[in-house]
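Structure record follows, encoded as structure tokens.
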Amino acid sequence: DCRQLMVGVTSMITDNFRCRRYTRMIGHLPMLMHPEPKNALVICLGSGMTLAGVTRPASLESVDCADLSRGVINAARNWFSEANDHVLDDPRVRLIINDGRTHLLTTAKRYDVIALEPPPPNNAGVSNLYSYEFYELCRKRMNERGMVVQWIPPHSATFPQVLSLLNTMRAVFPNTTLWNLFEGQEYCIVGQMDDQPIPYERIVLRMADPRVQKHLEPVGIRNAEDVLACFVMGGKNL
């Protein structure tokens, strides 16, 4: 049995194993990779499971979360609280009831990590969150060595659309990597501000954090090797 979040007639997320795994990994990956992530922005709350992943590292001081729908926020708080570890009660979380793009246009704040888990690009009004102009806006609102992570749903897009999404991210963040989060059905891309490689030791150290371990072990990510097994390609290969 699982809970399902519907917006209109569209299923946005459930709390089954597959969704727990890929949403948590979207939140964790940039936090594992960034040199010292202190603040973050999550665009689109959904079930709150991605936000929960972002909040796990001890180094995090604050995280903003922008979502336009009060109904989605109520669902995350009242129906998905077990799946998202009651993340909206975390004092470091600031909930912003606004469109994520509008928030970035109007704020002067800069972030170490920006995590995006919007609906698939074919949904009405969502395509702006997958555009070149939007990624440029993210880049302008990032601190030095910042990272952006974007969900890629191949099951809800055509192959040419997926290639377009990858190339659009690479046009703004040339150092982009592709990650397989669940059996070739759920992916994400991570764009970096710089071209510095991620030390393996950094992933090992971050995965040793008990809060991170407790959150990822139930979805089959037990150590740094399990994280790196999700890596598909980057650089010229991508």
Original post:
Any donor and acceptor pair, going by atom type alone, linking the side chain of Arg56 with main-chain N or O of Val212 inside 3.5 Å?
Top reply: no
Original post:
Judged by atom type as modelled, is there a donor-acceptor pair below 3.5 Å linking the side chain of Asn98 to the main-chain atoms of Ala66?
Top reply: no
Original post:
Is there side-chain contact between Gln185 and Arg18, with at least one heavy-atom pair below 4.5 Å?
Top reply: yes
Original post:
For residues Asn143 and Asp112, is any side-chain donor paired with an opposing acceptor at under 3.5 Å?
Top reply: yes
Original post:
So, for Pro154 and Val162, which heavy atoms are closest and what is the spacing to 0.1 Å?
Top reply: CA-CG2, 4.1 Å
Original post:
In the single-linkage hydrophobic clustering (I, L, V, M, F, W, Y; side-chain heavy atoms under 4.5 Å), do Leu68 and Ile114 co-cluster?
Top reply: no
**OP:** Determine, using the 4.5 Å side-chain heavy-atom cutoff (strictly less than), whether Leu29 and Val232 are members of one ILVMFWY cluster.
**Re:** yes
Subject >> For Arg92, all residues meeting side-chain hydrogen bond (donor to acceptor under 3.5 Å, both in side chains), sequence neighbours excluded >> reply: Asp90
**OP:** Would you kindly say whether Glu183 and Tyr22 are connected by a side-chain donor-acceptor distance under 3.5 Å?
**Re:** no
Subject >> Linked, directly or transitively: Val148 and Leu238 (ILVMFWY side chains, under 4.5 Å) >> reply: yes
Original post:
Which atom pair, heavy atoms only, marks the closest approach of Thr107 to Arg141?
Top reply: O-NE, 2.9 Å
Subject >> salt bridge (Lys or Arg N to Asp or Glu O under 4.0 Å) partners of Arg211, counting only residues at least two apart >> reply: none
Subject >> Glu117 and Thr50: side chain donor to acceptor below 3.5 Å >> reply: yes
**OP:** May I ask whether Leu228 and Val204 are part of the same hydrophobic cluster, defined by side-chain heavy atoms of I, L, V, M, F, W, Y residues being less than 4.5 angstrom apart, directly or through others?
**Re:** yes
**OP:** Check the hydrophobic clustering (I, L, V, M, F, W, Y; side-chain heavy atoms under 4.5 Å; chains of links allowed) and say if Ile96 and Leu104 are grouped together.
**Re:** no
**OP:** Just grab all the side chain to side chain donor-acceptor pair (under 3.5 Å) pairs involving residues 64-78, residues at least two apart or on different chains.
**Re:** Asp64-Arg94, Asp64-Lys109, Asp64-Tyr111
Original post:
Does NZ or CZ of Arg139 fall inside the cone over Phe173's six-membered ring, less than 6.0 Å from its centre and within 45° of the axis?
Top reply: yes
Original post:
Can you list the residues that meet the side-chain hydrogen bond (donor to acceptor under 3.5 Å, both in side chains) rule with Thr23, with sequence neighbours excluded?
Top reply: none
Original post:
Atom CG of Leu116 and atom CD of Gln150: how far apart are they, to the nearest 0.5 Å?
Top reply: 4.5 Å
Subject >> Spacing of CG belonging to Leu41 relative to SG belonging to Cys138, to within rounding of 0.5 Å >> reply: 7.5 Å
Original post:
If you take all heavy atoms of Thr176 and Gly191, which pair is closest and at what distance?
Top reply: OG1-CA, 3.9 Å
Subject >> Worked verdict on Ile13 versus Met49 for side chain to side chain contact (heavy atoms under 4.5 Å, CB included) >> reply: CA-CA 10 Å; Ile13 193 72; Met49 292 187 284; 4.1 Å; yes
**OP:** For atom CD of Glu36, decide whether the heavy atoms of other residues, nucleotides or ligands shown that lie under 6.0 angstrom number more than 12.
**Re:** no
Subject >> Residues Arg145 and Gln192: side-chain donor-acceptor under 3.5 angstrom >> reply: no
Original post:
Within the distance-only criterion (no hydrogens, no angle test), does the side chain of Ser59 pair as donor or acceptor with the backbone N or O of Pro37 below 3.5 angstrom?
Top reply: yes
**OP:** Enter the distance from Met142:CE to Arg110:CZ here, rounded to the nearest 0.5 Å.
**Re:** 11.0 Å
**OP:** Please answer whether the main-chain N or O of Asp15 pairs with a side-chain N or O of Arg20 as donor and acceptor at a distance below 3.5 Å.
**Re:** yes
**OP:** Apply salt bridge (Lys or Arg N to Asp or Glu O under 4.0 Å) to Arg202 and list each qualifying residue two or more places apart in sequence or on a separate chain.
**Re:** none
Original post:
Given Arg222 and Leu216, is the side chain to side chain contact (heavy atoms under 4.5 Å, CB included) satisfied, shown in steps?
Top reply: CA-CA 7 Å; Arg222 298 151 297 184; Leu216 286 178; over 6 Å; no
Original post:
Within a reach of under 6.0 Å around CD of Gln196, are more than 12 heavy atoms found that belong to other residues, nucleotides or ligands?
Top reply: yes
**OP:** Quick one: pull up CG in Leu165 and CD1 in Ile152 and give me the separation to the nearest 0.5 Å.
**Re:** 4.5 Å
**OP:** Could you give me the CA-CA distance, side-chain angles and deciding distance for Ile189 and Thr177, then say whether side chain to side chain contact (heavy atoms under 4.5 Å, CB included) is met?
**Re:** CA-CA 6 Å; Ile189 44 178; Thr177 49; over 6 Å; no
Original post:
Do you know which two heavy atoms are closest between Met33 and Ile198, and how far apart they sit?
Top reply: O-CD1, 3.6 Å
Subject >> Side-chain (Ser164) to main-chain (Pro160) donor-acceptor, under 3.5 angstrom >> reply: no
Subject >> Point-to-point distance, once rounded to the nearest 0.5 Å, from CZ of Arg24 to CG of Leu181 >> reply: 13.5 Å
Subject >> Closest non-hydrogen atom pair between Cys230 and Met25, with its separation >> reply: SG-CE, 4.0 Å
Original post:
Is the side chain of Glu186 donor-acceptor paired with the backbone N or O of Cys19 at a distance under 3.5 Å, no angle test?
Top reply: no
Subject >> Geometric class of the Phe231/Trp179 ring pair [parallel <30°, tilted 30-60°, perpendicular >60°] >> reply: perpendicular
**OP:** Please confirm whether the backbone N or O of Pro210 pairs with a side-chain atom of Gln213, one donor and one acceptor, at under 3.5 Å?
**Re:** no
Original post:
Using links of under 4.5 Å between side-chain heavy atoms of ILVMFWY residues, direct or through other members, which residues join Val63 in one cluster?
Top reply: Met31, Val42, Leu45, Leu51, Val54, Leu60, Ile73, Val87, Leu88, Val93, Leu95, Ile97, Val113
**OP:** Go through the steps to decide whether Leu5 and Trp79 satisfy the test side chain to side chain contact (heavy atoms under 4.5 Å, CB included), and finish with yes or no.
**Re:** CA-CA 9 Å; Leu5 175 62; Trp79 297 102; over 6 Å; no
Original post:
Is it true that Tyr187 and Trp151 have ring centroids separated by less than 6.0 Å?
Top reply: no
**OP:** Look at the side chain of Asn84 and the backbone N and O of Ser47, then say whether any donor-acceptor pair between them is shorter than 3.5 Å.
**Re:** yes
Original post:
For the atom pair CZ (Arg101) and CG (Leu137), what is the distance rounded to the nearest 0.5 Å?
Top reply: 7.5 Å
Original post:
Taking all atoms of both residues into account, what is the closest heavy-atom pair of Tyr200 and Ala224, and its distance?
Top reply: CE1-CB, 4.0 Å
